[in-house]
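Count residues from 1 along the sequence. Atoms within each ligand, like the ligands themselves, are counted from 1 in listed order.
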Amino acid sequence: MTTLQDCIALDVQDPLRHLRDLFSLPEGVIYLDGNSLGPLPKAAPERIARAVRQEWGEGLIRSWNTAGWFELPQRLGNRIATLVGALPGEVVATDSTSINLFKVLSAALSIAHADKLSRRTLVSERSNFPTDLYIAEALCKERGMTLRLVEPDGIARALDTDTAVLMLTHVNYRTGAMHDLRAVTAAAHAVGALVVWDLAHSAGAVEVDLHGADADFAVGCGYKYLNGGPGAPAFVWAHPRHADRFWQPLAGWWGHAAPFAFTPDYRPAAGITRYMCGTQPILSMTALECGLDTLLAAEPLGGMTALRRKSLALTDLFIALVEERCGGRGLGLATPREHARRGSQVCLTRDEGAHAIVQALIARGVIGDFRAGRPDILRFGFTPLYLRFADVWNAAEHLREVLDSGEWRRDEFNRQQAVT
Ligand SMILES: *Cc1c(COP(=O)(O)O)cnc(C)c1O
């Protein structure tokens, strides 16, 4: 049996323990939802206040040049590149994940169409995040193509010479299951298809090597593991072999080769810059920069490799504690045990009361979330930047108490809410 004392000892030895000081976490909260909304970096309020008071208030329009506003998407993109195995100049932080997906999926379909006219199918996973599927569905509808949705174990079989593009999310949001980026990309390439990866639950959470996997396109989210704040700008990457081949469909002036030439005709910028559309939300970008700083602070301590090692230790511990302490209480494990197939979350199933159990945990200060489906999911994200092993122990103990006391059956935990 692992004891709380064992966990406290692990925290004392943890080389990443001081990174927690970079965050402003409320007292009495164990935050297991950084996979949905990363917490506030301590540096952010002051940095954003400076952007408001000085850069906007005093600098006014001059700040586009003097405060580096204009290059922010590229500057942040270069930092994100280091987290996902891309090179400087290949990533921009911009727009939302949904919008970026529309851009790269359009480009990928156009490239596939230009090279292999007859391919009519876009393949994805039925349990992919809905916005990804909706964007794909809309594009397929517009282009007269077929969206083919398969189960995770049916992906390899679904790929054939009719496949134009395979679109997948690297780490599944409901189960935490992780695809083998390199093997799946190779399987798609073997039939001549392109691959678009959504790294929403990977960037800043697991090691990603886009070039090592020879991926084609990728997008990812700024407000989850990158700690960029609610609605933070997302990011987009295109392999240099594709970046210049097509206009993305949202050909706005920020993607123009010379936006301040104000010419009536569009001339796309070289490389990833053409994947920008219009004027960027500078205050949100400023917050995202603070979020990225928290991840880059791990660089001298081993970077993503060290973060991933701790993340796996945290999720291993949570799985073991739930099984030791909460066994026989109707919980199942939806997340793969195998490290190579696990993201940075642990998802539990329960036939009855999953939503109410999550609500009861939140009332105790243990914040995870609920994802409806069959079966319903209790989802817990483990971010190695600020979580302690003792937090994991306490979270499992709260879960045991919520189940054993039956407190989750109370009315207050059984009401529907707009956002789960
Ligand atoms: C979180 C998430 C999104 C979010 O998209 P938005 O455009 O930011 O709303 C998209 N795709 C996946 C896979 C996600 O996990």
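Neither the backbone nor the side chain of L101 comes within contact range of ligand 1; no heavy atom lies under 4.0 Å. Of the heavy atoms in T97, both backbone and side-chain atoms come closer than 4.0 Å to ligand 1.
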Report, one line per pair, each donor and acceptor closer than 3.5 Å where one atom sits in a side chain of residues 280-293; sequence neighbours left out.
residue : atom : partner : partner atom : Å
Q280    : OE1  : T94     : OG1          : 2.9
Q280    : NE2  : T94     : OG1          : 3.1
Q280    : NE2  : G278    : O            : 2.6
T286    : OG1  : I282    : O            : 2.7
E289    : OE1  : R75     : NH2          : 3.2
E289    : OE2  : R75     : NE           : 3.2
E289    : OE2  : R75     : NH2          : 3.4
D293    : OD1  : R79     : NH1          : 2.6

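Looking at N128 next to ligand 1, no N or O pair under 3.5 Å apart turns up. Close N/O approach between T169 and ligand 1 is not found [any backbone or side-chain N/O within under 3.5 Å]. Considering backbone and side-chain N/O of S98, one or more are found under 3.5 Å from N/O of ligand 1. Residue-to-ligand polar distances keep T131 apart from ligand 1: every N/O pair is separated by 3.5 Å or more.
The protein non-hydrogen atom at the shortest distance from atom 8 (O) of ligand 1 is Y223 OH, 2.7 Å. Nearest protein neighbour of atom 15 (O) of ligand 1, counting heavy atoms only, is K224 NZ, 2.5 Å. For atom 11 (N) of ligand 1, the closest heavy atom belonging to the protein is D132 OD1, 2.7 Å.
Residue A200 approaches ligand 1 through these ligand atoms, each under 4.0 Å from one of its heavy atoms: 2 (C), 12 (C), 13 (C), 14 (C), 15 (O). Ligand 1 places these atoms under 4.0 Å from at least one heavy atom of S96: 7 (O). Set against the non-hydrogen atoms of H201, the atoms of ligand 1 under 4.0 Å away are 15 (O).
The distance from the CG atom of L83 to the OH atom of Y225 is 14.0 Å, given to the nearest 0.5 Å. Atoms CD and CG, from Q345 and D33 in turn, are 9.5 Å apart once rounded to the nearest 0.5 Å. For the atom pair OG1 (T131) and OH (Y173), the distance works out to 11.0 Å, reported to the nearest 0.5 Å.
Crowding of R182 atom CZ: a count of heavy atoms from other residues, nucleotides or ligands under 6.0 Å not exceeding 12.
Between T146 and C140, the closest side-chain pair of non-hydrogen atoms is not below 4.5 Å.
Using the six-membered ring where Trp is involved, F70 and W64 have ring planes that are perpendicular, over 60° apart on the 30 and 60° scheme.
W254 and W69 have their aromatic ring centers separated by at least 6.0 angstrom.
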